[in-house]
Amino acid sequence: ACSGGTDSTSGSSSEGSGEGDKSNDSKEKIVLKLATHEAPEAFFSSTVTVPFMERVEELTEGQVEFEFYPSQQLGNVSDYLDLTSQGVTDIAFFIPSYTSDRMPYSGSIASFPGLISSSNHGSKAFHELIQQDPILEEDYLKNGVRPLVGYVTNPYDLFSTKGLVTAPEDLKGQQVRSSGAFMSALIEHFGGTPVTIATPELYEGMEKGIVDQVAQYSTTLDSFGLGELIEYGTQGVSFGAGSCGFIINENVWQSLPENVQQAMLQAGKEVADSGSKADDEQNEKILAEWSKNMEIKALTDSEKNAWKEMFDEFNSSYVEEQKASGSKIGEVLAQYEELLAQ
Amino acid sequence: MTVAILTALLLIFIFIGMPIAFVLLIIGTAGVWLVSGWDALMGIMGTTAYRSVNGFSYTTIPMFILMANFISKSRIAEDLFDCILKWIGHKPGGVGVATVFSSAAFGALSGSSIASTSIMSKVAVPQMIRSKYSESFSAGLVASSSGTLAALIPPSVPLIVYAIQTETSIGSLLISGIIPGLLLAFLLCIVVVAVAIKNGSVVERSSWNERLASIKHIWPVLLLIFIVIIAIYTGIGTSTEAAAFGAFGALVIGFLIKRLNVKLMVEALVETVKQTCMIFVILVGATLFSYFIAFSRLGNSLISYIESTNLSPIGVLLLVILMYLILGLFLDLFGSMLLTLPLVFPLITSMGYDPIWFGIVVVLVLEIGLVTPPVGINLYITSQQSGVSIKKVLQGSIPFIGVLLFVVFLLILFPELVLYLPSKM
Amino acid sequence: MLRLLNKLDQLFVYIASFALFIMMLLIFTNVITRYFFDKPIAGVIEFTGEYLMVFVVFLAMSFTQKEGGHVKVTILERMLPDKGKFILDLLVKILSVSIFLVLTYTSFLLFTRHLNQDIRSISSVAYPLAPAVFVISLGSFVMSLRLILSLFISSKDTKEQVKG
Ligand code: NA
Ligand code: NA
């Protein structure tokens with residue numbers, strides 16, 4: 001049969017049905033749908049997505065099998081939270097900042113600037129952070145999903161076709177590409193003008209000079225072919241970062257035997273670590289390649305400190321502002337910083 | 001089994017002439033429901049409708065259609081044709097060449113193949129007939145090529161829809177249509193000149209005064225082309241924004257030369273809303289349908305089946321083109337494209353073909369479907385606007401369909417014709 | 001009833017046209033203020049997709065249906081006997097009505113969820129999205145009404161020669 005969607009546990013993914021087998025040592029075969037927006041050959045797929053599936057299959061000795069839906073086959077990445085909570089897919093990739101209205105903390109916490117030194121540094125802490133309250137309850141369980149993998153990108157640096165930014169003052173009056181409300185506030189804090197440009201138009205936006213600076217990291221920019229445009233870049237600003245990961249439908253999770261749950265948690269933790277390490281290496285590699293024909297400036301410690309001072313000021317004022325509306329972002333930030341220090 | 005029955009139903013619905021948006025919605029809904037259950041269907045339907053329209057780059061579609069409608073209402077194409085005619089009309093095949101040139105120039109302003117066909121049928125066909133081209137040849141030329149030129153030369157709504165559906169770069173696709181468009185125009189000129197020499201058709205030579213006077217009338221066209229080029233190719237805005245720029249420019253120019261008024265503007269807006277709505281309802285249906293394709297694993301099965309037959313990539317490509325020619329009999333361009341791309345696009349790219357190149361080939365092949373009965377919108381439009389019978393339009397289109405197929409053949413042979421410009425971007 | 005629906009459609013299509021006009025002006029103005037004054041308008045990129053496109057597409061569905069935009073008659077259908085044509089027409093309409101009723105229902109659920117959870121735009125101007133989702137449901141509902149009404153009106157009314 002060319003259809004495989006209705007057998008086994010996929011059937012139990014419908015909301016509130018809970019018909020799954022709960023006995024702990026059940027060896028019944030479990031088939032789980034996993035959806036992602038990227039092609040199977042893309043970097044993240046090959047360092048995180050596919051290894052995660054393989055590791056779970058290995059740890060459960062083949063009890064769990066995945067039905068893989070890459071390349072947006074199951075729709076747009078912005079909808080993956082809905083599609084997972086409604087049982088269209090069992091597991092999906094997610095980018096919390098795309099659904100920041102329902103995941104108030106997971107996206108913004110990674111966006112705080114000046115906190116992390118590498119993807120691995122951020123990912124290990126973030127993966128732990130989202131398994132704890134309040135973030136677990138507020139961002140995930142409330143939405144009917146549970147996090148399996150938490151991942152933070154490389155810290156963002158500032159890339160440009162026009163000029164190098166080394167000190168915080170340099171951003172004044174520049175048009176900086178923004179990807180959301182948090183980033184816009186941050187850009188304005190430095191006296192820049194946030195310009196929203198949809199990701200598919202990023203290349204055009206840079207090529208035509210619609211934006212002066214783009215806060216991103218090399219692997220992403222490279223995948224959009226921006227390597228051929230960029231002429232200047234910093235190394236070590238840490239202008240925030242992005243977060244993503246995998247979520248599973250909570251009913252499906254509850255229906256899984258304990259050995260499978262354990263296997264998934266273990267696999268999730270492992271790939272968050274190994275995947276982010278690979279990301280850091282990739283970043284180094286691309287920057288080394290880039291510095292052959294563009295100016296990549298590694299910031300000195302004193303330059304970094306100048307940024308750090310401004311960042312701290314922004315972070316605490318942002319937390320203070322949010323407190324008024326009953327946000328727990330201050331608490332979450334403290335937890336995150338503690339985990340980062342470990 | 002479910003999949004087989006639904007596929008059969010799909011073909012029956014298309015064959016009996018059910019609107020494609022409804023076919024896609026019905027089969028997509030039934031498919032998701034039967035393959036993945038009611039809850040999955042509810043989840044998908046909730047997000048699909050909103051997601052299918054919610055995107056900044058989607059605004060290019062209504063904006064380019066709006067621009068085309070403002071230009072139509074301003075009757076700018078008439079001036080353009082008149083001017084070109086005065087300059088070259090007296091040469092052998094001059095009227096035919098003027099028709100091709102105007103179609104290409106108007107195509108550079110209009111993203112809509114329907115708008116172009118409609119205007120050129122009204123303006124150019126009567127002139128061609130007067131200068132001794134046969135009715136069927138004149139109407140056939142316009143029916144088969146005016147719209148195709150508009151769809152290839154940027155801006156182009158069909159190419160944008162392809163880009164959105166396949167996540168290919170809009171900018172690259174638009175640029176890559178230029179050379180194939182000019183190539184087609186060149187080949188068409190050869191045909192019309194050859195036929196004109198055979199028929200001995202001529203037009204009176206216009207005086208230099210008349211020629212110079214006619215230029216005065218086309219400054220709005222030149223200005224508008226200039227605005228759009230400025231907007232697209234300089235740093236003012238992205239290509240998405242350029243569409244709104246063009247629409248706004250067309251509106252302002254229309255009012256400046258007193259060809260537009262509030263009533264005509266509202267008509268153009270309503271017409272655009274209608275055409276936009278039509279395209280996006282098909283898009284909603286197609287999105288739903290592609291969920292069904294994904295869940296049924298039809299795409300994967302198809303790819304592995306074709307791999308197992310050891311068919312060469314060129315064999316697969318020719319089969320796909322044949323399929324599009326057949327589909328084109330029954331469906332309009334957007335319908336065929338959105339129905340098949342979820343299956344065909346991964347197949348074609350897995351064979352190593354370039355996504356941008358394939359976009360141009362698909363649009364070119366599907367434009368042929370617009371002049372083939374029973375469903376051939378350009379056939380009906382040309383007949384209606386020019387007063388030439390449908391049968392004669394169809395007869396006259398046949399040699400030009402040959403030209404279009406020849407261009408497809410050249411693009412297969414020399415993919416650089418498509419890929420050279422985007423590689424220089 | 002039909003007359004009332006036609007009036008409603010007329011109103012909706014004018015609202016949709018107005019949204020289209022605003023879309024053009026907003027994008028144009030955003031480019032101008034960004035390019036010449038370094039002051040882009042916050043939220044334009046998001047608002048055009050989240051609101052204006054929704055208005056243009058979903059409010060105009062029923063009107064477009066009425067004007068024959070979604071319908072095409074083919075030579076094949078002309079070849080069918082009258083009875084066959086009637087049954088076919090009925091089948092297509094019943095199926096279409098069901099789909100648009102489901103769409104009305106699911107988008108209404110989505111609307112209540114947007115309302116209850118106060119889901120907002122991700123742009124820096126965090127306006128609520130519930131009204132936009134409501135428009136999807138409303139447009140689908142009116143479309144369902146139009147299709148239901150057409151069940152009771154002779155099929156000749158829905159036929160439409162293809163025109164430019
Ligand atoms: Na065009
Ligand atoms: Na056709």
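Naming: A, B, ... by sequence-line order, numbering from 1 per chain.
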Going from CD on Glu271(B) to CG on Leu20(C), what distance comes out if it is rounded to the nearest 0.5 angstrom? 12.0 Å
Minimum heavy-atom separation for Leu251(B) and Met24(C), please, with both atom names. CD2-CE, 3.6 Å
Do Phe248(B) and Ile27(C) come within less than 4.5 Å of each other through their side chains, counting heavy atoms only? no
Start with the C-alpha distance between Lys274(B) and Val13(C), add both sets of side-chain angles, then the distance that settles side-chain contact (heavy atoms from CB on, under 4.5 Å), and finish with yes or no. CA-CA 9 Å; Lys274(B) 242 170 64 184; Val13(C) 85; 5.9 Å; no
Top contributor to chain B interface from Phe100(C), Tyr105(C), Phe111(C) [non-hydrogen pairs under 4.5 Å]: Phe100(C)
Is Tyr14(C) in contact with chain B via its backbone, its side chain, both, or neither, using a 4.5 Å heavy-atom distance? side chain
Structural part of Leu26(C) lying under 4.5 Å from a heavy atom of chain B: neither
Would you say CZ of Phe141(C) has more than 12 non-hydrogen atoms from neighbouring residues, nucleotides or ligands within 6.0 angstrom? no
Counting heavy-atom pairs under 4.5 Å with chain C, the top scorer among Gly249(B), Ala115(B), Ala244(B) is Ala244(B)
Under 4.5 Å to a heavy atom of chain B? For Leu59(C) that would be neither
Heavy-atom distances under 4.5 Å only: say whether Leu109(C) touches chain B with side chain, backbone, both or neither. neither
Side chain to side chain, Tyr58(B) and Thr48(C), heavy atoms closer than 4.5 Å: no
Check: Glu50(C) main-chain N/O paired with Tyr50(B) side-chain donor or acceptor under 3.5 Å: yes
Enclosure of Phe18(C) CZ (heavy-atom neighbours >12, cutoff 6.0 Å): no
Yes or no on side-chain contact (heavy atoms from CB on, under 4.5 Å) for Val270(B) and Phe63(C), after CA distance, side-chain angles and deciding distance? CA-CA 10 Å; Val270(B) 170; Phe63(C) 179 83; 3.9 Å; yes
Check Glu67(C), Gln65(C), Met61(C) against Cys277(B) for a side-chain contact (heavy atoms from CB on, under 4.5 Å) and give me the one that passes. Met61(C)
Of Leu66(B), Leu269(B), Thr272(B), which is the lone residue that meets side-chain contact (heavy atoms from CB on, under 4.5 Å) with Ser17(C)? Leu269(B)
Derivation of the side-chain contact (heavy atoms from CB on, under 4.5 Å) call for Leu95(C) and Phe13(B): CA-CA 12 Å; Leu95(C) 285 175; Phe13(B) 282 159; 3.9 Å; yes
A side-chain contact here means heavy atoms from C-beta on lying under 4.5 Å apart; do Glu46(C) and Asn54(B) qualify? no
Report yes if some heavy atom in the side chain of Gln275(B) is under 4.5 Å from a heavy atom in the side chain of Thr64(C); otherwise report no. no
Are any of the side-chain heavy atoms of Met53(C) and Thr59(B) separated by less than 4.5 Å? yes
Check the angle between the aromatic planes of Phe28(C) and Phe245(B) and answer parallel, tilted or perpendicular using the 30° and 60° thresholds. tilted
Region of Met45(B) that comes under 4.5 Å of a non-hydrogen atom in chain C: both
Tell me, for Ala19(C) versus chain B, whether the close heavy atoms (under 4.5 Å) come from the side chain, the backbone, both or neither. neither
Please state whether the side chain, the backbone, both or neither of Leu52(C) comes within less than 4.5 Å of a heavy atom of chain B. neither
